[in-house]
Asker: 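For reference, the structure I am asking about is given below.
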Amino acid sequence: MDFDRGISVIGGADGPTAIFLAGRWDSLFVIPALLVMMIFYGIYFAKMLAQKRHGIRTTQVGGRGKERSVRRTEIIMSAATLLIVPVELASILLGWGHMPSWVRIAGVLAGFTGDAVFLAAVLTMRDSWRAGIPETDRTEFVSHGIYRYSRNPAFLGFDLMYVGILLMYFNGILLIFTIWVIAMLHLQILQEEKYLETVFGEAYRAYKQCTGRYFGRKV
């Protein structure tokens with residue numbers, strides 16, 4: 001059985017048999033990839049609807065009252081996170097990816113880990129979670145739970161999900177979109193951390209000293 005080529009060859013099968021087996025092996029990643037996306041976006045929209053019932057506007061991206069640079073970054077980030085979805089779906093449904101099986105399995109693990117990290121972040125933040133820098137809302141400073149180990153676990157969840165799909169269905173177009181969206185999320189992190197330092201002052205600066213931007217305890 002040759003997993004490095006992403007196909008199963010039983011008894012030295014070749015020709016039409018090998019092609020059939022290769023197709024069967026490739027199809028094994030369709031359901032996990034779609035599940036990773038469904039779970040992730042299901043968490044996002046479920047949280048948004050739950051907050052809406054409490055009169056909270058979750059998505060606060062690109063508000064006109066924000067600084068031009070902040071607004072521009074948020075709008076481009078939003079565009080990147082929207083445009084990558086059809087590229088991911090096309091890659092999955094059309095089978096645009098021929099990485100070795102062990103890389104694709106790593107992608108499955110990364111994707112589901114991203115879902116778990118994102119869910120933990122959303123649950124820990126409770127009603128303080130927002131997408132984008134709030135214009136008028138004043139949220140609670142959260143540093144417990146998963147936030148003890150990451151200042152930005154929700155963004156980390158996004159990144160792991162995107163990387164997971166990329167590893168499962170690696171192709172040039174998806175690579176470009178993945179790099180773009182992760183870069184924009186990083187710029188958004190820098191803006192949000194600046195905002196949080198302004199709002200929470202010394203408490204947030206002390207938090208930065210002991211907790212990694214993406215992952216890790218410093219003390």
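One-based numbering along the sequence shown.
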Asker: Could you state whether V30 and I105 fall into the same hydrophobic cluster, counting links through intermediate Ile, Leu, Val, Met, Phe, Trp or Tyr residues with side-chain heavy atoms under 4.5 angstrom apart?
Answerer: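 Same cluster.
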Asker: Mark yes or no: R151 above the aromatic ring of F215, with NZ or CZ under 6.0 Å from the six-membered ring centre and no more than 45 degrees from the axis.
Answerer: no
Asker: Assess the pair Y162 and F177: is the distance between their ring centroids shorter than 6.0 Å?
Answerer: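 No, ring centres 6.0 Å or more apart.
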Asker: Heavy-atom count around I173 CD1 within 6.0 Å, excluding the residue itself: above 12?
Answerer: no
Asker: Mind checking whether L119 and L123 have side chains closer than 4.5 Å, heavy atoms only?
Answerer: yes
Asker: Assess the residue pair I92 and M168 against the criterion (side chain to side chain contact (heavy atoms under 4.5 Å, CB included)); give the C-alpha distance rounded to whole Å, side-chain angles, the decisive distance to 0.1 Å, and a yes or no.
Answerer: CA-CA 8 Å; I92 295 167; M168 281 186 271; over 6 Å; no
Asker: Roughly how far apart are I165 CD1 and L89 CG, rounded to 0.5 Å?
Answerer: 8.5 Å
Asker: I'd like to know if the side chain of N171 and the backbone of W96 have a donor-acceptor N/O pair within less than 3.5 Å.
Answerer: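 Checked: pair present.
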Asker: Judged by atom type as modelled, is there a donor-acceptor pair below 3.5 Å linking the side chain of N152 to the main-chain atoms of S150?
Answerer: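 No; zero donor-acceptor contacts below 3.5 Å.
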Asker: Between Q188 and F155, does a side chain to side chain contact (heavy atoms under 4.5 Å, CB included) hold up when you go through it step by step?
Answerer: CA-CA 9 Å; Q188 181 66 18; F155 287 108; 3.8 Å; yes
Asker: Test side chain to side chain contact (heavy atoms under 4.5 Å, CB included) on E197 and E193 and set out the steps.
Answerer: CA-CA 6 Å; E197 191 167 339; E193 289 193 339; over 6 Å; no
Asker: Is it the case that atom CD1 in I31 sees more than 12 heavy atoms from other parts of the structure closer than 6.0 Å?
Answerer: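 Count not over threshold, so no.
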Asker: So how far is it from I182 CD1 to L187 CG, rounded to the nearest 0.5 Å?
Answerer: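 Going from CD1 on I182 over to CG on L187, the span is 12.5 Å.
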Asker: If you compare all heavy atoms of A121 against all heavy atoms of P153, which two are closest, and at what distance to 0.1 Å?
Answerer: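 Where A121 meets P153 most closely, the heavy atoms are CB-CG, 3.7 Å.
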Asker: Treat each ILVMFWY residue as a node, draw an edge where side-chain heavy atoms are under 4.5 Å apart, and state whether W180 and V85 are in one component.
Answerer: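 Result: yes, single cluster for both.
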Asker: Taking everything shown except K194 itself, do over 12 heavy atoms lie less than 6.0 Å from its NZ?
Answerer: no
Asker: With a 4.5 Å limit on heavy-atom distance, are the side chains of S78 and I75 in contact?
Answerer: no
Asker: Could you walk me through whether M184 and V181 pass the side chain to side chain contact (heavy atoms under 4.5 Å, CB included) test, one step at a time?
Answerer: CA-CA 5 Å; M184 293 311 305; V181 74; 5.6 Å; no
Asker: How far does CE of M99 sit from CG of L166, to the nearest 0.5 angstrom?
Answerer: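 Between M99 CE and L166 CG, I get 8.0 Å after rounding to 0.5 Å.
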Asker: Check for me, please, whether M125 and F141 land in the same ILVMFWY cluster - side-chain distances under 4.5 Å, paths through other members count.
Answerer: yes
Asker: Whether the side chain of Y207 engages the backbone of Y147 through a donor-acceptor N/O pair (distance < 3.5 Å, no angle test) should be reported.
Answerer: yes
Asker: At their closest point, which heavy atom of T124 faces which heavy atom of A120, and how far apart are they?
Answerer: OG1-O, 2.7 Å
Asker: When you look at Y169 and F29, which way does the ring-ring contact (aromatic ring centres under 6.0 Å, His included) test go after all the steps?
Answerer: CA-CA 9 Å; Y169 286 91; F29 292 95; 7.2 Å; no
Asker: Would you indicate whether the side-chain heavy atoms of E74 and Q191 approach each other to under 4.5 Å?
Answerer: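 Counting from C-beta outward, Q191 and E74 do come under 4.5 Å.
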Asker: Is it true that atom OH of Y149 has more than 12 heavy atoms of other residues, nucleotides or ligands lying nearer than 6.0 Å?
Answerer: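 Count not over threshold, so no.
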Asker: Is there a side-chain contact between I39 and F112, using heavy atoms and a 4.5 Å cut-off?
Answerer: yes
Asker: Compare every heavy atom of V87 with every heavy atom of L83, then report the nearest pair and how far apart it is.
Answerer: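 Heavy atoms only, the tightest pair is O-CG2, 3.5 Å.
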Asker: Could you check whether any side-chain heavy atom of I43 comes within less than 4.5 Å of a side-chain heavy atom of M38, counting everything from C-beta outward?
Answerer: no
Asker: Quick check for you: to the nearest 0.5 Å, what is the distance between L167 atom CG and L175 atom CG?
Answerer: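 The CG atom of L175 is 10.5 Å from CG of L167, to the nearest 0.5 Å.
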Asker: Determine whether a donor-acceptor pair (N or O, by modelled atom type, separation under 3.5 Å) exists between the side chain of T211 and the backbone of K208.
Answerer: no
Asker: Check the angle between the aromatic planes of F158 and F40 and answer parallel, tilted or perpendicular using the 30° and 60° thresholds.
Answerer: perpendicular
Asker: Under a 4.0 Å N-O cut-off, is there an ion pair linking R205 with E202?
Answerer: yes
Asker: Distance check, rounded to the nearest 0.5 Å: L109 atom CG versus R104 atom CZ?
Answerer: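 Going from the CG atom of L109 to the CZ atom of R104 covers 14.0 Å.
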Asker: Starting from the C-alpha separation in whole Å, work towards a yes-or-no answer on side-chain hydrogen bond (donor to acceptor under 3.5 Å, both in side chains) for Y214 and H186.
Answerer: CA-CA 10 Å; Y214 286 98; H186 182 73; 2.8 Å; yes
Asker: Heavy-atom count check: over 12 atoms from other residues, nucleotides or ligands less than 6.0 Å from Y41 OH?
Answerer: yes
Asker: How many angstroms lie between CE in M161 and CG in D159, if you round to the nearest 0.5 Å?
Answerer: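 It is 9.5 Å, given to the nearest 0.5 Å.
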